[in-house]
S.K.: 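Got a structure for you, written out below as structure tokens; questions coming shortly.
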Amino acid sequence: LYSSAASDVYKRQLYERVRNKEPDDWLTMEQLCGLLHISESKVRSLKKSGRIGFVKCGKGFLYSASDAFGLLERIDADTGNGRNLFRRTP
């Protein structure tokens, strides 16, 4: 587990990586998993539920960098409330 300070540094690094992309940029599944620290199955779940934009590219998919940044911002805002944005809500 990361300490709080290390976690904050890591979050800032992630924000900078996503912020440097243009809103119309797209991420591969591997990039998205790395940015959000989630599994490929969780990415598919976010795609299926409509929480992240995607386009089909050949046999695979590309995911919206701006949506990924939005998820990062919501995670940062909601972490203090103890909410888990990747959990389905009833």
S.K.: Write down the atom of A68, the atom of L27, and the distance for their closest heavy-atom approach.
M.R.: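 Minimum heavy-atom contact is CB-CD1, 3.9 Å.
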S.K.: Out of E30, K48, M29, which residue meets the side chain to side chain contact (heavy atoms under 4.5 Å, CB included) rule with V43?
M.R.: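 Looking at E30, K48, M29, the match for V43 under the side chain to side chain contact (heavy atoms under 4.5 Å, CB included) is M29.
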S.K.: Hey, are the side chains of L32 and L46 touching, using non-hydrogen atoms and a 4.5 Å cut-off?
M.R.: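 Not touching, per the 4.5 Å side-chain cut-off.
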S.K.: Considering only heavy atoms from C-beta outward, does the side chain of L62 approach that of T28 to under 4.5 Å?
M.R.: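 Of all side-chain heavy-atom pairs linking T28 with L62, at least one is under 4.5 Å.
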S.K.: How long is the gap from CZ on R51 to OG on S45, to the nearest 0.5 Å?
M.R.: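 Those atoms lie 6.5 Å apart.
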S.K.: F61: what forms a side chain to side chain contact (heavy atoms under 4.5 Å, CB included) with it, not counting sequence neighbours?
M.R.: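 Testing F61 for side chain to side chain contact (heavy atoms under 4.5 Å, CB included), a comparison that skips the adjacent residues, returns K47, F54, K56, Y63.
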S.K.: Do the side chain of D67 and the main chain of G53 share a donor and acceptor less than 3.5 angstrom apart?
M.R.: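 Side chain of D67 to backbone of G53, a donor-acceptor pair under 3.5 Å: yes, one is there.
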